[in-house]
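Comments concern the structure below.
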Amino acid sequence: MDAKLRGALSRRTFLKIGGAAVAGSTLSLTGTLCQKQDESRIKEYRTLGRTGFKASDISFGGDPATTEVVRYAYDKGINCFDTAESYLGGDSERRIGKAMQFMDRSKIFITTKLKFGMDETEQNITDRFRKCLERMQTDYADALSIHAADNSQIVKHEGFHSAVVKLKAEGRVKHAGLSCHGPEEEGEESMESVLTTAIEDGRFDLVLMSYNFLNEVEAERVLAACKARNIGTTAMKTSPGLIEIETFDPDNPTETQEYLLWRFEKEGLSKKEAIERIHDTLKDQERIRGKIVPFAKKYGVVSNEELRKVCAQWVLSNQDMHTVCITVVGFKEIDMFVPLSGTKVDQAAIDFLNDFQLAYGSQYCRHGCNQCAANCAHRLPVSRIMRYSYYFAMQNREKYAMGKYRELGEKNASLCTTCEAPCTGTCPYGVNIQANLASAHSLLKLG
Ligand code: SF4
Ligand code: SF4
């Protein structure tokens with residue numbers, strides 16, 4: 001990013017930050033963005049560190065709804081795809097693999113990821129990876145990554161490294177990588193600590209990390225270390241906030257609201273109770289919306305989509321980040337983000353993001369933080385629950401988010417409703433932990 005512009009934001013990162021909730025329209029922040037919306041192909045490719053691959057600056061990740069979505073991304077010039085064994089129960093790999101049959105394999109870069117603990121064996125890692133290849137109908141993956149590495153021990157998992165060495169020798173994988181969200185449970189290490197260990201280890205060629213204008217200080221230390229070792233860098237979680245909330249008209253619900261109503265009623269709630277539940281969920285968001293509207297209008301950023309684009313553009317402005325991995329569900333995300341390729345934030349965008357920090361600092365739970373978990377009476381994984389809420393509200397991944405939340409079992413945010421909340425005041429950013437978790441619970445508990 002332009003040093004002056006980045007400096008302008010950095011000087012204000014001491015200010016409290018934010019990201020809250022709400023729904024909206026589709027105005028653009030700047031003339032630059034308006035113009036770029038007509039440019040529908042990838043315009044910039046950056047070298048992905050020592051892999052040498054020229055990656056599209058916008059890359060593809062997540063849960064494609066169909067194979068056609070993946071092909072559409074490729075047709076737009078996206079050549080870097082990130083998936084995982086766990087995404088959509090393997091369907092993400094299957095859909096990408098099916099689409100791959102229509103691509104020039106030598107011109108795309110596919111990363112898949114495996115999540116495992118220290119007790120996982122080399123043989124199982126190898127076997128699981130071979131199944132990834134089968135699902136993707138390909139002979140090799142460009143990279144195999146440790147999925148959501150949350151401590152330094154896993155980074156040094158000898159079974160993983162040994163498997164990679166052998167798979168490389170067989171031509172089944174070319175590079176090793178890892179993804180890291182930062183800590184999600186009490187006592188886990190920071191993203192910086194885990195990634196620094198990985199970088200110094202020397203065996204990783206790629207990192208996938210959280211990077212946004214609210215975690216820039218920590219993330220940019222990691223980026224500097226990657227640069228020194230020529231490690232490829234991919235950004236995720238680039239959009240840390242919301243501007244709009246969806247208004248709720250029970251007679252004319254949105255698709256998501258319709259789904260929620262259906263789920264609530266399936267759970268045994270009456271129609272009236274289901275409607276009240278949704279109104280309750282939106283209450284806090286509406287309060288925030290009252291604060292944001294004048295501010296958003298000033299900059300002409302009045303929709304979540306525009307916020308997501310400005311945030312992604314902020315990340316794109318830093319050449320040390322080689323590609324921005326967009327969570328893609330449908331064609332919409334591709335049409336939203338591809339026009340940003342090759343662009344960078346201008347002063348208006350910087351001013352907007354600074355004001356956003358000022359206005360919403362106390363609303364956003366930083367990805368991978370979890371500093372407050374030790375103060376939770378029930379040792380809840382605060383950051384993780386809020387991340388699932390982010391998946392639900394920001395990434396249109398409602399089912400996935402609810403499924404992940406269900407995996408927490410009884411250790412969930414329902415405990416907040418009867419708690420005296422010793423966590424109050426322990427977030428250094430001023431997040432109201434109890435209120436946010438209660439809100440997350442009402443969103444996620446349906447799964
Ligand atoms: S609520 Fe605050 S302290 Fe707790 S995880 Fe989120 S940002 Fe960190
Ligand atoms: S209110 Fe929730 S997050 Fe806070 S201490 Fe109680 S259970 Fe933990």
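Note that these values count all heavy atoms, side chains included, but never hydrogens, waters or copies made by symmetry. For ligands, and for the atoms within them, numbers begin at 1 and follow the listed sequence.
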In terms of relative ring orientation, are His147 and Tyr87 parallel, tilted or perpendicular, with 30° and 60° separating the classes? perpendicular

Considering residues at least two apart in sequence or located in another chain, which fulfil the side chain to side chain contact (heavy atoms under 4.5 Å, CB included) criterion with Ala377? Cys419, Pro422

Amino acids in close contact with ligand 2, where any non-hydrogen atom sits under 4.0 angstrom away: Cys376, Ala377, His378, Leu380, Cys416, Cys419, Ala421, Pro422, Cys423, Ile433, Gln434, Leu437

Here the atoms of ligand 1 under 4.0 Å from any heavy atom belonging to Pro428 are 3 (S)

How long is the straight-line distance from CG of Leu214 back to CH2 of Trp314, given to the nearest 0.5 Å? 8.5 Å

Going by salt bridge (Lys or Arg N to Asp or Glu O under 4.0 Å), name the residues that satisfy it together with Arg203, two or more places apart in sequence or in a different chain. Glu158, Asp201

All salt bridge (Lys or Arg N to Asp or Glu O under 4.0 Å) counterparts of Arg128, not counting sequence neighbours: Glu85, Glu120

Is there a side-chain contact between Ile433 and Met386 (heavy atoms, below 4.5 Å)? yes

Is the gap between the ring centers of Phe53 and His175 under 6.0 Å? no

Return yes when at least one N/O/S atom of Cys365 is nearer than 2.8 Å to atom 2 (Fe) of ligand 1, and no when none is. no

